[in-house]
Each structure stands twice: as structure tokens, then as C-alpha cells.
Participant: 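Take this structure first; my questions come after.
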Amino acid sequence: MITEHLITCLREAVASAQKAGELDLTSPPADVSIDPPRNKEFGDFASNIAMTLAKPAGLPPREVAARIIKYLPVGQGVIARVEIAGPGFLNFYLKPHWLQDTLLEIEERDAFYGTNRTRLGEKTLIEFVSANPTGPISVVNGRAAALGDSLANLLAACGAEVSREFYINDALNSLQLEKLAQSLAWRYGQQLGLDWAMPEDAYMGEYLMDIAADLVKEFGDRYAKVSEEERQAAFREMATSRMVEQQRRDLEAFGVRFDRWFYESSLYESGAVRRCIEEMKARGHAYEKDGALWLRTTQLSRDEKDRVLVRSNEKETYVAADAAYHKDKFDRGFNRLINIWGADHHGYVQRLKAGIAALGYDPDRCEIILTQMVLLMRDGEPVRGSKRAGDIIPLADLVSEIGRDAARFYNLLNSYETTATFDLELAKKQSNENPVFYAQYAHARCCNVLRRAEEMGVSVPQAGAVNRELLTHEKELDLLRRLADYPEEVRLAADMLAPHRLTAFVREIGQALHQFYEECPALKEGVPADLRDARLTVFNATRIVVRNLLTLLGVSAPERM
RNA sequence: GCGCUCGUAGCUCAGUGGAUAGAGCAUCUGACUUCGGAUCAGAAGGUCGGGAGUUCGAAUCUCUCCGAGCGCGCCA
């Protein structure tokens, strides 16, 4: 890549200056950075190396810069000229072929353009959503779903082996599941005209009525005649399996597929939870107090107080199960675990890390992303969205109203670190204003021009077969610059676990494309054939990059709109 | 009270310790017998919550104050 080349040039120049006795340094510079400057007038790339070397060299920054410049291969390769600017920046101006030639690379690599191998050998498991099976997937879950899925795409694009996983809290210890089963049984009774008492804190959502109606259709009054215990067990089982099924469907409609749905109950059934607890005891990380077994989380992590592993009633807590679950992840060969949690779970980070450490694994290999809360607004009023009260807003409703692409893109617009305000009316209205259409239109527009060319009898040439030096218009170079920056942008977004950078970037490319389209006609009358052909290859390259980008975001790239 | 997180344009939000802090929406003004206008050109809009520190340089790092959200169970 071009930046690596320039960094090498800089390192060599510094070394040469040192050898010539012009720079008195004890060691070569540690990190040499070269970045695109914000302002185009400062060249194609800029480096702050002279400023960082000023102090060790005992010289003013601009003087350091001048001594480095003498040893840079200016004019020989891709570097047209280098200038000293401001407090001591080195501004690099490159020859235009560095941009024009990226067309060759884009065409050649096609769907792989933008991918890299920086994460080869990483086996990553991303666990996300993991909503309790007590209700449908909500719009709030949608944020984690969109984030986790495109994050997985991103890391895979960098060469990592990635697996998506959903953890189902279906343990028999779960009070919520008991409540859910009771609520479902009550609804079932209602369907049959039986006057069973409404359970305390019942789940009130309509989805339970739908399931109850299905059960009546399927089983008639069979479960009205059995014992309460038998009924409770049957409804717990049926409620869970049907909710999980629905969640799976909702997420698939959102374009998110998990490689595995992991049942918490399986950890109890296999004895893994029990074994982990024994292991923690054997390693001396657990102790008994008040009839319960405690984990020394304060010693193993920065937790505020120790946590209970086994209650005095001999039931294991989720702390034990979570530790067992993460041991299972490591034992399956994953060397990097990423969990996406809501910010309301921030208090559990340390105790999970303690559990991992207590079993002898490296807690730093488990990264926990906390997405800030989503504040739902409706008619200017905040919506609480409680599952129990039944006023959650299902993701499926949003998807059917504004479509999958818009819902996905909307959720990736901002960083997970900011509290998102999600205005439902606005989101729906934005079906025609959502920025996703801007990006998709850029793709459709490229396709349209290419299709139009074929209709006119002009076959779209290969980038290697056109005179790329004709591409000198400001808007052409601006667009090519974006296309050239794309691979670095992918690498950065993956490093920072920040797919939202890509939504910003695809808008920039869209803008550059639309401007190019306005000012650089290809198929209009009077455009010479060689220029026309060169520009057609730009449309084709842009089509490829926009498509690759949207694919990473989980958004479709339509050829017509 | 303790802990975690967040305060950037009217609104929703970007912003790798770098040069003059940027988009979209909303507002206002222009460009349509278009390579499909879901587009483009332009205007206006800011004490980056306040203060101090670190350094060649801070929206970005540290401290402190103010404001908002979340969490502080032998619930999950």
C-alpha cells in the first residue's frame, strides 16, 4: 500500500541523514506516521515526523524537516514534491498515476478489493443480541444485531475466522422463564374460556396470546386436564422453543444469521457448570460464607465485591454459568471473544472477567463492547419499552415498515458509544430520506451508466486498456482518492471495532460519485471516445467499491431503484 | 453515597494528539427537453458543558466541577 511505501521512504531518509551526521539520534524513530491531511492544499499525505524528532535531535522542527527532505527520493518514484509547512509538517505531493492506477487494482481484486490479511490466524467468536427468550426481538436489540453482524463481516474481511453466536438464557433456575410459562398458561386458559387467575407480574405482550391460540389449535384442551406441575413444565418448554423460533425468524428478516444458538441449559445438562465450580474451588478462588459459595472476584478483577457462585439453596448463579460458557468458547479454539452487551450490564464486566481468570484463561482475550442505551421516542415522548408490560417495539415491525436496508443502515449511523435517540416516526418517515438511499443510489447510478453504455453499443473497457492519464479533472481525482482510501478505511474500522465509520465513508464516496457524475460526463455528446472509456472504468470501479462497502454493512446494492 | 458511561451547529450525530472542528436533517437561495433530480451548487448556523494541567500542538490524554443516563440482589 502507498502509505507503507512512504513510511519506508521516510525511515530510509532519516537513516541516511543520521549516517551523514546531519541528525544526531540515539535510536531510529519508533512510530512513523503518515496521514492524509484534512485540507487538500497540504498535499496527498503529511507526516509529523520532524516535530516528533525535534526534541531528541535538539533542532527546531523545520530544520529537522529540511534535513530529512534532502534524502527523500523526490521526483524519482511516485513522489512529485515534498514541502515543509506550518510548524514542521512534511507534505507529500504525489504524481497522479498513484490514483489512476488504483483502477487496475480494484478491477483485478473485484469483490476482494478492500480485504486484507492483517487478522489471519485470529479465531474470533462474536456473541451478540442474546436476548432473553421472554419476548420478540425489539428495535433496541436491533442496534446490537446490526453492530455485531457487520463487525463480524469486517473482521472476516481482515482475514479473521469469525463465528456469530446467540446465547439463550433458558436455565431452569431462571425466574423469568417461570413467569413466562405461567403467563402463557394463563393465556391458554383464557382461550379455552377458563377462569384461571392472572399470575403476578405477568408478561402482558400480545405475542403470548398468539402462541396460546396456536397451542389451542394444536393440542386442544389437553393441558387443561393435567396437573399444574406438568402444565408448568410443558409450557416452559413450549414457550422457550417458540420464542427462540420467533427470535430467529425476526433476526433473519433483519439479515442476521447466527452460526450457533447456544443454550445455557446445555451447560447444566453436561455438568460443565458443576465442573467449573470444582475447578475454581481447586484453584483456591472460591470460599464458603453464610451457607453460600463465593467467588473472589475482587481479587481476580476490579469488581467491588465478591459474587455468589452457588446460593445457599444449592442452585448455581449465572456467574457460574457464564464462566462455564466462556470456558467453553475458549475450549472450542477461539482465541478472541467479543461480547456485545447493553450499557445497563456494565456492572457485570468485572465479574465475568473474574470468572474467566478463575478458570485459568486470559480475561484480556474477552472484549466486552457496551452499547449505550437506545432512547426510544414516540410523538416527542420517551417510550419505556418493557417486555413485561408488553410495550416493546418489535424489530420485525420496523423492518416491515421501513425495510431491512434502511433499518440496518440507520442502526449503524452512529458509534455505539453514544446514547442513540431513536425517533420512531422519523425512522419511518426516513424511508425516503434515510441516508442509505444516497449510498444505494450511487451504486444504481454507476450501474445505470454502464448499462446505458452497452445500450449505446459502447462496450465497457478494462481499466488496463484505457488512457488513465486523461483522468485529471478535480472531481475525478477526488473520487479516485476515496476509492484508494477504502482498504485503509476497512482496516481502521476493524481495528477500532467501529463499523459506523463505514457508513460515514460510503456517504463520502456517494458524494464524490454524484459530483463526478455532474461534472464529468462520459456518454454525453461531444465527449471524446478515449475520455469516455476512461470515465466508464471509473464508474465501474466505484460500482465495485460501493457494493463491497454495502455488503460489509449488511445492506443490499441495488442495480436499479 | 459509590461505580461505569456520555455532554460537539436549532435537531440527529461524525471527528486517528496535528494545520481554518465537519456531515445529514431542518431553514433560505439557485440548477430540470438529466449519461434516471432518491442529484448538484451556494448561504446561514460553534465560548467542542465550565475550569485547570500535560506538550511544539488538546474536541481528543489527566484532574476537578456542573449536567444527563445506567448500574449497585444468594434475579438473569
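Quick note on labels: first sequence line is chain A, next is B, and so on, each numbered from 1. What you see is a predicted model; the values in this text were computed from it and never measured.
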Participant: Could you check how far CG of A/L413 sits from P of B/G15, rounded to whole Å?
Facilitator: 12 Å
Participant: Got a second to check how far A/T317's OG1 is from A/R311's CZ, nearest 0.5 Å?
Facilitator: 6.5 Å
Participant: Think A/R491 has a side-chain N or O under 4.0 angstrom from the OP1 or OP2 of B/U16?
Facilitator: no
Participant: Check every strand shown and say whether A/P61 touches a base, only sugar-phosphate, or nothing at a heavy-atom separation below 4.0 Å.
Facilitator: nothing
Participant: I'd like to know if A/D344 reaches the base of B/G71 with its side chain, counting only an N/O donor and acceptor under 3.5 Å.
Facilitator: no
Participant: Within the 4.0 Å heavy-atom criterion, would you say A/A292 contacts the bases, only the backbone, or no part of the nucleic acid?
Facilitator: base
Participant: Under 3.5 Å, is there an N or O donor on one side and an acceptor on the other linking the side chain of A/H345 and the base of B/G71?
Facilitator: no
Participant: Please report the distance separating the P of B/C32 from the corresponding atom of B/A38, rounded so that it comes out in whole Å.
Facilitator: 16 Å
Participant: Looking only at atom C1', what distance separates B/G1 and B/U16, rounded to whole Å?
Facilitator: 38 Å
Participant: Please indicate whether A/E454 has more than 12 foreign heavy atoms, meaning atoms of other residues, nucleotides or ligands, lying under 6.0 Å from its CD.
Facilitator: yes
Participant: Does A/R307 reach a base, just sugar-phosphate, or nothing at all? Heavy atoms under 4.0 Å.
Facilitator: nothing
Participant: For B/G18, what is the paired nucleotide under Watson-Crick or G-U wobble rules, both distances under 3.5 Å?
Facilitator: B/C56
Participant: Compare the minimum distances between each of B/U5, B/A76, B/C70 and the side chain of A/N132, then state the nucleotide with the smallest one.
Facilitator: B/A76
Participant: Inspect the contact between A/R274 and A/E316 and indicate whether a charged nitrogen and a carboxylate oxygen are less than 4.0 angstrom apart.
Facilitator: yes
Participant: The side chain of A/F89 lies closest to which of these nucleotides: B/C13, B/G18, B/A23?
Facilitator: B/G18
Participant: Within this structure, what is the CG-to-C1' distance between A/D303 and B/C72, rounded to whole angstrom?
Facilitator: 10 Å
Participant: Under 3.5 Å, which protein N or O atoms sit close to an N or O of nucleotides 39-43 of chain B? Give each pair with its distance.
Facilitator:
from, atom 1, to, atom 2, distance (Å)
B/U39, O2', A/R445, NH1, 3.2
B/U39, O2', A/E518, OE2, 3.4
B/C40, OP1, A/Y438, OH, 2.3
B/A41, OP1, A/Q515, NE2, 2.6

Participant: Which nucleotide wins on minimum distance to the side chain of A/D290, given the candidates B/A23, B/C74, B/C56?
Facilitator: B/C74
Participant: Can you see if the side chain of A/R311 gets near the phosphate of B/C75 - specifically, an N or O under 4.0 Å from OP1 or OP2?
Facilitator: yes
Participant: What's A/T503 touching, base or sugar-phosphate or nothing? Going by heavy atoms closer than 4.0 Å.
Facilitator: nothing
Participant: Side chain of A/R501 only, heavy atoms from C-beta on: which candidate in B/U16, B/A76, B/C13 is closest?
Facilitator: B/U16
Participant: Would you kindly give the CD-to-C1' distance between A/E417 and B/U8, to the nearest whole Å?
Facilitator: 15 Å
Participant: Begin from the C-alpha positions of A/D170 and A/R236 and carry the test salt bridge (Lys or Arg N to Asp or Glu O under 4.0 Å) through to its verdict.
Facilitator: CA-CA 9 Å; A/D170 68 328; A/R236 189 170 51 220; over 6 Å; no
Participant: Listing request: all side chain to side chain donor-acceptor pair (under 3.5 Å) pairs with a residue in residues 41-60 of chain A, at least two apart in sequence or in separate chains.
Facilitator: A/S33-A/N48
Participant: Under 3.5 Å, is there any donor-acceptor pair linking the side chain of A/T317 to the base of B/C74?
Facilitator: no
Participant: Of all the nucleotides listed (B/C74, B/A76, B/G69), which has the minimum atom distance to the side chain of A/M373?
Facilitator: B/G69
Participant: Please confirm whether the ring centroid of A/H514 lies under 6.0 Å from the ring centroid of A/Y438.
Facilitator: yes
Participant: Please figure out whether A/P521 or A/Y348 has its closest RNA chain B nucleotide nearer the 5' end.
Facilitator: A/P521
Participant: To the nearest Å, give me how far apart NZ (A/K305) and P (B/G71) are.
Facilitator: 17 Å
Participant: Does B/G67 pair with anything, Watson-Crick or G-U wobble, both distances under 3.5 Å, and if so, with which nucleotide?
Facilitator: B/C6
Participant: From the list B/G69, B/U16, B/C74, which nucleotide is the closest neighbour of the side chain of A/L492?
Facilitator: B/U16
Participant: Show, in sequence, the C-alpha distance, side-chain angles and deciding distance for A/F45 and A/Y93, and conclude whether the ring pair (Phe, Tyr, Trp, His ring centres under 6.0 Å) test is met.
Facilitator: CA-CA 7 Å; A/F45 288 95; A/Y93 297 79; over 10 Å; no
Participant: For the side chain of A/E304, starting at C-beta, report the closest nucleotide among B/G3, B/A14, B/A76.
Facilitator: B/G3
Participant: Can you tell me the base-pairing partner of B/C72? Count Watson-Crick or G-U wobble geometry only, both distances below 3.5 Å, and say none if there is no partner.
Facilitator: B/G1
Participant: Pick base, sugar-phosphate or nothing for A/C447, based on heavy-atom distances below 4.0 Å to the nucleic acid.
Facilitator: nothing
Participant: Please report, rounded to the nearest Å, how far the P atom of B/C75 is from the CD atom of A/E200.
Facilitator: 17 Å
Participant: Would you say that more than 12 heavy atoms from the other residues, nucleotides or ligands in this model lie under 6.0 Å from the CD of A/E559, or not?
Facilitator: no
Participant: At 4.0 Å (heavy atoms only), tell me whether A/A321 reaches a base, stays on the sugar-phosphate, or touches nothing.
Facilitator: nothing
Participant: Using Watson-Crick or G-U wobble geometry with both distances below 3.5 Å, tell me the partner of B/A43, or none.
Facilitator: B/U27
Participant: Take the protein atom CZ of A/F42 and the nucleotide atom P of B/A21, then report the distance between them rounded to whole Å.
Facilitator: 11 Å
Participant: Heavy atoms only, 4.0 Å cut-off, all strands: where does A/S312 land among base, sugar-phosphate and nothing?
Facilitator: base
Participant: Look at the side-chain N and O atoms of A/T418 and state whether any lies under 4.0 Å from the OP1 or OP2 oxygen of B/A14.
Facilitator: yes
Participant: Which of the following nucleotides, B/G15, B/C74, B/U55, is nearest to the side chain of A/K55?
Facilitator: B/U55
Participant: Tell me which nucleotide among B/C6, B/U20, B/C70 gets nearest to the side chain of A/E41.
Facilitator: B/U20
Participant: Expressed as a whole number of angstroms, how long is the span from A/Y325:OH to B/A76:P?
Facilitator: 17 Å
Participant: When you measure from the side chain of A/H346, which nucleotide among B/U16, B/A14, B/C4 comes out closest?
Facilitator: B/C4
Participant: Determine whether the aromatic ring centres of residues A/Y167 and A/Y325 are separated by less than 6.0 angstrom.
Facilitator: yes
Participant: Taking only the C1' atom of each, what is the distance from B/A21 to B/G15 in whole angstrom?
Facilitator: 8 Å
Participant: Testing A/L479, A/T542, A/L480, A/L477 for side-chain contact (heavy atoms from CB on, under 4.5 Å) with A/F516, which one passes?
Facilitator: A/L479
Participant: Mind calculating the distance between CG (A/L502) and P (B/U16) to the nearest angstrom?
Facilitator: 14 Å
Participant: Using a 6.0 Å distance limit plus a 45 degree cone around the ring axis, check whether A/R507 lies over the aromatic ring of A/Y441.
Facilitator: no
Participant: If we take the P atom in both B/C66 and B/G51, what is their distance in whole Å?
Facilitator: 15 Å
